[in-house]
Structures are given as C-alpha cells and as structure tokens.
Amino acid sequence: MKKSPINNIHMLQIQKNLLDWYDQNKRDLPWRRTQDPYSIFVSEMMLQQTQVKTVIPYYGRFLTELPDWQSLAKAKEEKILKLWEGLGYYRRARNLQAAAKMIIEEFNGHLPQTREEILKLPGVGQYSAGAVLSIAFQKAEPLVDGNVIRVFSRLFVLRGNLKTGENHQNVWEIARSLIPSKRPGDFNQALMELGATLCLSDNPQCLLCPLFQFCEAAQRGIQTDLPEMPKAAKNIEVPIAALLVENKKKILVKKRDENEKWLKGLWEFPSAEGKTMDEGRQKMEKEYNVMAEKKPFKSIRHQITNHKIHLDLFIARNKKTIKASTHLKWVTPAELEDLPFSSAQGKLRQWVLKNFVQKNNSK
DNA sequence: TAACCGTGGCC
DNA sequence: TGGCCAAGGTT
C-alpha cells in the first residue's frame, strides 16, 4: 500500500473546508431531499455516467410511477424502459429491476448495508456501493468517480491514467484514507460537487475553491494539465437502413431481442446494418419481402459512444402481409408513441408521427 | 485489461 | 459543428 500523500493536519483541514463549503454551496437536488434508500439507489443508478441536469426530470417521474422495491419488481420491463427512454445505457434500467427482485427475494425487502452484499446486486459496482452506503446509511465508505479522480489528480498531482490498474487503486486508497466517520455521505457528495461545479475539466474555478491552499496543482499552476486522460477511441461509421412499412393505418415495428449487441428490449423500425446504406436497404427488402424506395424518407445522424450512425428510413411497400409475432408488431400511431424507443430511432418516430401519419390521414 | 454500452450539453 | 465528456458497470 502506498503512503498517503497527506498528513493528519492537512486531512482534517481538507475535510472541514470541504464540508463547510458544501454546506454553503450545495445544489438543491431532488435526491438530496430524501433519506429513503430506495430513492437514493434509483438516483445513483441514473447518475452513472450521466449528468445531474439530464437525470433530474427522469428521477421524479420514475419515483412517481414506481415508488418502492415492490412496484419496481412487479413492473413490466416495457414500462421501466419507457421511463428510461432517452437516458441511455438501458442495461441500467434492466439491472435496476433485477436488483429490486433480488432485494425482495434474498434481502427481505431491504437494501443490504455492507459493501460485500450490496455489490451482489446487478448494476452495482464499487462506486455505487460507496455512494449508497455513505449517503443512505451514513457508513464511512469511500467512493471514486470521475469527479473524485479529477479533484485528487490536481489536489495531489497524480499523473498517468487514473482510471485503470495501480493508479486507480491508489485513488481508492486516498479516498479511503480521507473519509471522515462523521458525515461521510456529505463528504463524498461534497467531493463530487466540487468536481462538478468548480474543479471543472476545462476551466477550473480555482479562486473559488475551498481546497485552493492545499491544491498542489493550483500552487504550481498546472491544474489544466491534469488529469492526464487516455485518448478516446476512433469513431466508426455505421450505416443503418430502417423500413417504414404501413398497412391499414398501422406501422410495422420490431422489438430488439436479447442477442442484440445494444439497446436490448427497445422497439424500433425494422432495420439492418450494412457496409453501405444500399446493402442495408437490400438486406431489409429481402428479409421482409418488400420494395423500398431508393431515396430515404428521413435521414438521421447519431453518435453512440464511438459509433457514428447514419440512420436512413426508407418507405417500403409490402408485397404480402407481414405476420406479427412477439418481436414484430403492427401498431397505431398512438401505440407507436407509447413504446420505448432509442434516441436515434425516436427521432425517426417523431418525424413519422409528424409527417407521414398526418399526410396519410388527410388523403 | 480494454472495449463496449447511450445520450445531451458544451465549446 | 465535430469531438469530448459526464455521479460507471460488465465482460
């Protein structure tokens, strides 16, 4: 174990300055108004790799519809995905329900209060375990997220990629050495709050920072050089052709199943990836035995992590009726709106509801 | 271990 | 406007 970069006096002052600053400056966030472990757990799942501003509207809606472990465990997956629609990383939503079921079946309806047990829940890693234990149960458990990494990298001038290997372990050890037994949840949140509001990646507000006098990087004027992040992966272009098939005022949609690579359980216009858009379109014509127009009805560009998706929607005429199944469905415009869609295909849906359906109804 | 999973906001 | 990134987890 590496020696901590701080002595005891510094540690106490850092704790005090940070907590005092937090008390004066913390944002009024909905999950800071509750002590309910379930609500806090839901907030932490939503906040994984997702900014506070994005989560806020989802959080209240979700808890109104699914206020406790029981209702979440019993809910239809489709309902949960609809509440999650647009938030991304949809595996989180499915894991959340799996966690609710496990809590009811294996933990007597209550969140476990040890790191070892809470880590057994799907979708809970070291960060979320620390967050829930400290915030909901006042356990002196540390947490490390992107904010903490950025703050520590500057406070102690930690170099290299802090997200992997030995460096990452070191950050955790510092976090553990710093956590106070009094108000651990507030301390953890204060650390993240600092990273989210002052210790910013691009333009850190060092003059307002309660830790300025302790910050090694600020003293040396190298705060914008830290943290040292690895280069992002190169983007990959992905053409995807989607079909708009209509019959008797109903539209054909497909549910993505379990062997899909991503967006599992979400609905979409039937679609196929190809090396080129032409190839994708022809795949679809063959699979559904339809004739598609050569020109797309609507074209969307969408970024998913490092994939640049070119999504084209082609109007198709069916030669014979396509049979519905569990994964293939004919829906009315109203039903179409109620299905959980991904963001990219959701844009297509919006366009269809606005332009295709209206035009169709008026003739 | 490193690549993969989504999205909207930001400059 | 294109590239980068955020209260991470999983495999």
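Chain identifiers are assigned alphabetically (A, B, ...) following the order of the sequence lines, protein sequences preceding nucleic acid strands; residue numbering begins at 1 within each chain.
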Just how far, in rounded Å, is P of B/dC5 from NZ of A/K308? 17 Å

Can you check salt bridge (Lys or Arg N to Asp or Glu O under 4.0 Å) on A/K283 and A/E287, steps first, answer last? CA-CA 6 Å; A/K283 265 192 205 175; A/E287 185 173 347; over 6 Å; no

On a whole-Å scale, what distance lies between the C1' atoms belonging to C/dT10 and B/dT1? 13 Å

Kindly say whether, by distance alone, the side chain of A/S342 makes a donor-acceptor pair under 3.5 Å with the base of B/dG6? no

Upstream residue (5' side of DNA chain B) when A/K347 and A/G165 are each assigned their closest nucleotide: A/G165

What is the distance, to the nearest angstrom, from the CG atom on A/L143 to the P atom on C/dG8? 9 Å

Check every strand shown and say whether A/G195 touches a base, only sugar-phosphate, or nothing at a heavy-atom separation below 4.0 Å. nothing

Whole angstrom is fine here: how far is it from CZ in A/R91 over to C1' in C/dG9? 6 Å

More than 12 heavy atoms of other residues, nucleotides or ligands under 6.0 Å from CD of A/E77: yes or no? yes

Donor-acceptor pair, side chain of A/H310 and main chain of A/R301, under 3.5 angstrom: no

Expressed in angstrom and rounded to an integer, what is the separation of A/L29 atom CG from C/dA6 atom C1'? 15 Å

What distance, rounded to whole Å, do you find between the two P atoms, one in C/dG2 and one in B/dG6? 23 Å

Candidates C/dG8, B/dT7, C/dG9 - which lies nearest the side chain of A/D145: C/dG8

Within the 4.0 Å heavy-atom criterion, would you say A/R256 contacts the bases, only the backbone, or no part of the nucleic acid? nothing

Distance-only donor-acceptor check, side chains A/S342 and A/R256, under 3.5 Å: no

When you compare the side chains of A/W21 and A/E193, does any donor N or O come within less than 3.5 Å of an acceptor on the partner? no

Check the surroundings of atom CD in A/E237: do more than 12 heavy atoms from other residues, nucleotides or ligands lie under 6.0 Å from it? yes

Interatomic distance where CD belongs to A/Q49 and P belongs to C/dG9 [whole Å]: 9 Å

Considering only heavy side-chain atoms of A/W262, the closest of C/dA6, B/dT7, B/dC5 is B/dC5

OP1 or OP2 of B/dC4 under 4.0 Å from side-chain N/O of A/H307: no

Ring centroids only, cut at 6.0 angstrom: are A/Y58 and A/F62 within range, meaning strictly under it? no

Whole-Å gap separating P (C/dG9) and CH2 (A/W84): 13 Å

Under 4.0 Å: is that the gap between some side-chain N or O of A/T50 and OP1 or OP2 of B/dG8? no

CD of A/E44 versus P of C/dG8: gap in Å, rounded? 9 Å

So, is A/H302 close to the B/dT7 phosphate, meaning a side-chain N or O under 4.0 Å from OP1 or OP2? yes

Within a 6.0 Å radius of atom CG on A/D257, are there more than 12 heavy atoms belonging to other residues, nucleotides or ligands? yes

B/dA3 and C/dA7, which share atom name P, separated by this distance in whole Å: 23 Å

Polar atom pairs (N or O), protein with nucleotides 9-11 of chain B, under 3.5 Å:
residue: B/dC10; atom: OP1; partner: A/K53; partner atom: NZ; Å: 2.9

Around atom CD of A/E279, are there more than 12 heavy atoms from other residues, nucleotides or ligands closer than 6.0 Å? yes

Could you check how far CD1 of A/I309 sits from P of B/dC4, rounded to whole Å? 13 Å

Between C/dA7, C/dG8, B/dT7, which nucleotide has the shortest distance from any of its atoms to the side chain of A/Y89? C/dG8

When A/A196 and A/N95 are each assigned the nearest nucleotide of DNA chain C, the 5'-most assignment goes to A/A196

Among the nucleotides B/dC5, B/dT7, C/dA6, whichever has the atom closest to the side chain of A/K163 is C/dA6

Examine the side chains of A/Q48 and A/S128 and answer whether a donor and an acceptor come within less than 3.5 Å of each other. yes

Under 4.0 Å between a side-chain N/O of A/R150 and OP1 or OP2 of C/dA7, yes or no? yes

Is a side-chain donor-acceptor pair under 3.5 Å present for A/N147 with A/R150? yes

Specify the residues of residues 118-133 of chain A, ordered by number, for which at least one heavy atom lies under 4.0 angstrom from an atom of DNA chain C. A/P122, A/G123, A/V124, A/G125, A/Q126, A/Y127, A/S128

